Amino acid sequence: MELRDSLLTYLSKLEGIGWSLERYRLDGVGRAVIEDAIEAEFSSTAREQLIEYFSTINGVDTEQYETLDQQVLFPSYVPLSLSEAVEAFSFLSPDGQWGAGLYPFAADWSGNYLCVDTRSASDQTGSVVACVLGYLPAVISTSLTDYFDFYSECIDHGIVFLESQKYLEQDYDAVNSAAKEKFGSLRFWS
């Protein structure tokens, strides 16, 4: 399945449990705009993932929400707009907190990010990396497509759910167990 299809499937599954970003989600931006905004030296795998992601979803309209919890794409993480991602990337890389090449696509507004590894020389290029304050970056998925597919499966198995009809939540132990089964040695959430 392609990234766009995986993302749209995930959004549909979120709606199926009563969680909708539709009224907050900003339409994606055009390929040329994204190509101008992201680095030319990124690996082609990572570039294509970022182009497809930001052409599908360009963050959320922060003026339309009542609380931060209403705009999360994953439990605790809000999708960044392309301009927010560019700004975050500029201070995260190359001499930033976690090193060069980690391009954010979601954040929790506490300084933690979900990123795509964009380094051409990396054997993890295109992987989703969790960058959490106080910890080393951790690869949590082999690609954005796999990440969205995994979270769709988590919804199917009831380990990502709507808590009290208000908050998108996950059973962290069950998510870790499912991630270990699916991805093997990759660490998910600790």
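This is a predicted model, so every value here is computed, not measured.
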First locate atom [atom1] of [X], then atom [atom2] of [Y], and finally report the distance between them rounded to the nearest 0.5 Å.
X	Y	atom1	atom2	result
Ser164	Glu169	OG	CD	9.5 Å
Ser43	Asp117	OG	CG	7.5 Å
Glu15	Ile155	CD	CD1	10.5 Å

Taking it one step at a time, do Leu114 and Ile140 satisfy side-chain contact (heavy atoms from CB on, under 4.5 Å)? CA-CA 9 Å; Leu114 297 176; Ile140 57 174; 3.9 Å; yes
With sequence neighbours left out, write down each residue that passes ring-ring contact (aromatic ring centres under 6.0 Å, His included) with Phe74, or none if nothing qualifies.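 Partners of Phe74 by the ring-ring contact (aromatic ring centres under 6.0 Å, His included) criterion, ordered by chain and then number, come out as Tyr10, Tyr147, Phe148, Tyr151.
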Only counting residues at least two apart or in another chain, list the ones meeting side chain to side chain contact (heavy atoms under 4.5 Å, CB included) with Ser143. Gln49, Thr145, Asp146
Any side-chain heavy-atom pair of [X] and [Y] under 4.5 Å:
X	Y	answer
Thr118	Leu50	yes
Tyr77	Asp108	yes
Phe54	Ile38	no
Leu11	Leu14	yes

Side-chain H-bond candidate by donor/acceptor type, Ser81 with Ser83, under 3.5 Å: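 Yes, side-chain donor-acceptor contact under 3.5 Å.
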Going through the distances and angles, do Leu144 and Leu7 end up as a side-chain contact (heavy atoms from CB on, under 4.5 Å)? CA-CA 9 Å; Leu144 272 172; Leu7 174 53; over 6 Å; no
Does atom CG of Asp36 have more than 12 heavy-atom neighbours, drawn from other residues, nucleotides or ligands, at distances under 6.0 Å? yes
Please confirm whether the ring centroid of Phe89 lies under 6.0 Å from the ring centroid of Phe42. yes
According to side chain to side chain donor-acceptor pair (under 3.5 Å), who are the partners of Arg31, at least two apart in sequence or on a separate chain?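 So Arg31 forms a side chain to side chain donor-acceptor pair (under 3.5 Å) with Glu35, Glu48.
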